[in-house]
Number of protein chains: 2
Amino acid sequence: MEEKFIPDIVIGRLPIYLRALQGMLSENRRVTSSQELGERLGISAAQIRKDLSQFGEFGKQGTGYSIEFLADQIGKILKVDRVWDMAVVGAGDIGSAIARYQGFANRGLQVAMVFDNDPEKIGSQIGSFVIEDIKDLKQKIQESGILIAMIATPSLAAQEVAEELVTAGIKAILNYAPINLSVNEHVHVQYIDPVIHLQRMTYYL
Amino acid sequence: MEEKFIPDIVIGRLPIYLRALQGMLSENRRVTSSQELGERLGISAAQIRKDLSQFGEFGKQGTGYSIEFLADQIGKILKVDRVWDMAVVGAGDIGSAIARYQGFANRGLQVAMVFDNDPEKIGSQIGSFVIEDIKDLKQKIQESGILIAMIATPSLAAQEVAEELVTAGIKAILNYAPINLSVNEHVHVQYIDPVIHLQRMTYYL
DNA sequence: TAGATTGTTAATCGATTAACAATC
DNA sequence: TAGATTGTTAATCGATTAACAATC
C-alpha cells in the first residue's frame, strides 16, 4: 500500500471543497470547474487543481469536474463514505446543541452517546439520547468502538476528560472548551472556540 | 501612524497566545518563556518570539515574559482591551447556546442582541435577552453601532442574513451555518462548522 | 559572574501561483 | 475545428527554523 505523504494543510481544505460540492449538488448542478469552485471559496483555481492532483485525476480537460463524482471521491479520501459514531461529553448548552445538531446528516458523522457528571441530568433525555453517567464513559466507549469524541465540558474538566477518552480508545477529539489539551501525539485534536475567531477579527476593526 | 503590515497568519495566532497566557494567570503564574508557551501550544519557541517581535519587545533576556504584561499587550494589539457588543442572529439551539455562553467574559466580547424570525420566539427570553424580530435587525444594529455579528440560522437563510448585516454596518461575521458566505471584501468573515474539523480528522483514522 | 532567554538575522523549508502542453 | 479546462512543472512567494550576539 503506497502511503504517499499529503500535507495536512491540503487535507484541511478537502472538507471545504466537499461542503461546496454538496451545496452545488443540492442546487441540482452537475458540473463545475476549478475556477468556479475557487471563486465560491476565495481560493485560487490553481490551488484547487494542485490539491486534487495529490490524490488522482478527477476532471476532464475542457469540461471540468462532475460534481457528484468529485464529491464521492473526496468523501472516500476523507473516509466519510461511511458513518462515524461520536460521543459527546458534557450536556450543558453547547453539548445539547451538538447532540441535537442536524448538520451531521449526510456528512459521515452522527452522535451516538452523550455523557455528563450531573446526577440531575443523568438519565434524562436530549433529543433521542439518554444522558449517561460519565463514570461509565470508558466502558461504554470501549464496548462501542467509538473513535471520535467532542468535549463540551467546563475548561477545568476538559484535560481530565481528554485523558479518560484517550484511555478509552478515542483517536480524534473536537474540543469546545477554551483550553489547549495535552494528549498523546497519535491522538488528533481540533479546537472550536468562538472567541479565537472573533479576536482574530477585532484586530482589523 | 505607521501601519506596518502584519501577516494574517500571525494575527491568527495571537488569540491562542492570549488564551494560554490568561490560563497561566488563572494558575497564579507570573512569568513565562517562549519555550514554555511553545510547549503548551505545540508551537516552536522561535515562532512565538518572531510573532511577538512584529509588535515590539515584550520580554527580558534571561528571564522571559511577564505573563500579565504580555497578556495586556496582546489584548491591546487585538483591540480586546475593551468590550465589543455582538448581535446573534438565529435563536435555535446554536444561537441560544451562544447567547448564554459564559466564555466571552473577560475576553473583550459580549452578546448584546438576539434576533429570530419565528413569531413564537420573538419576545421570549434567552438568558437575559429578549429575542427581537429580525425585521428590526437593520435598525437596531445601526442604532447601537454594533460591528460584530454571529449567524446561527439555517444554511438557506445565512447568505440573505449576511447581506442584511452588512447593510446594517456589520464589519465582522462569525458564521455557524455550514455554507460559504459571499460578502464585500472589507467585511471579515470567519466560520465555525464542526463537520469541517471532524472530517479533517477522519482522514487519519 | 554564569546561566538563561530574548530579539533578530540568515538559511531553510514548504506552499502558492503562473504558465502551458495535453486533450476533451 | 475552436474553445475550454485539466494536470503538472517550474518559478515565486512567504513562513518557519536555526543560530547567536546582546543582555538581563
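This structure is a prediction, so every number in the text was calculated from the model and none was measured. Within every chain, numbering begins at 1; the chains are lettered A, B, ... in the order of the sequence lines, protein sequences first and strands thereafter.
With a 6.0 Å radius and a threshold of 12 heavy atoms from other residues, nucleotides or ligands, A/E68 has its CD atom at or below the threshold. Around the CD atom of A/E27, the shell of radius 6.0 Å holds more than 12 heavy atoms that belong to other residues, nucleotides or ligands.
Taking atom CD of B/E39 as the reference point, atom C1' of C/dT5 lies 14 Å away to the nearest angstrom. Taking atom CD1 of A/I48 as the reference point, atom C1' of C/dA18 lies 16 Å away to the nearest angstrom. Between the C1' atom of C/dT16 and the CD atom of A/Q54 lies a distance of 12 Å, rounded to the nearest Å. Atoms NZ (A/K50) and C1' (C/dC20) sit 15 Å apart, rounded to a whole Å. A straight line from CD of A/Q47 to P of C/dA15 spans 10 Å, rounded to a whole angstrom. Summarising the geometry, the separation between CG on B/D51 and P on D/dG14 is reported as 17 Å, rounded to the nearest angstrom. C/dT8 atom C1' lies 13 Å from atom CG of B/L52, rounded to whole Å.
Contact check, B/R49 against D/dC20: no side-chain N or O comes under 4.0 Å of OP1 or OP2.
For the pair B/Q35 and B/S53, nearest-nucleotide mapping onto DNA chain C gives the more 5' position to B/Q35.
Between atom CZ of residue B/R200 and atom CD1 of residue A/I11 there is a gap of 9.0 Å, rounded to the nearest 0.5 Å. Rounded to the nearest 0.5 Å, atoms CD1 (A/I134) and CG (A/D118) are 11.0 Å apart. Remark: B/Y17 OH to B/I77 CD1 distance equals 11.5 Å, nearest 0.5 Å. To the nearest 0.5 angstrom, A/I48 atom CD1 is 10.0 Å from A/E36 atom CD.
Residues in residues 40-65 of chain B take part in no ring-ring contact (aromatic ring centres under 6.0 Å, His included) pair, two or more places apart or across chains. Sorted by first and then second residue, the pairs that involve residues 140-188 of chain A and meet ring-ring contact (aromatic ring centres under 6.0 Å, His included), not counting sequence neighbours, are A/H188-B/Y204.
Of all the residues in residues 57-77 of chain B, B/K60, B/Q61, B/G62 reach under 4.0 Å from DNA chain D with at least one non-hydrogen atom. Only A/S33, A/S34, listed by number, bring a heavy atom of residues 14-34 of chain A to less than 4.0 angstrom from any atom of DNA chain D.
By the side-chain contact (heavy atoms from CB on, under 4.5 Å) test, B/D81 is found to be paired with B/K76, residues two or more places apart in sequence or in another chain being considered.
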Working for salt bridge (charged side-chain N to carboxylate O under 4.0 Å, His left out), residues B/E164 and B/K138: CA-CA 7 Å; B/E164 184 78 355; B/K138 191 171 164 186; 5.9 Å; no
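Side chain of B/I9, nearest nucleotide from C/dT16, C/dT17, D/dA15: D/dA15.
Residues B/Q110 and B/D85 have side chains that bring a donor and an acceptor to within less than 3.5 angstrom of each other.
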DNA chain D base-pair string [pairs: Watson-Crick or G-U under 3.5 Å; |: paired with another strand]: ..||||||||||||||||||||||
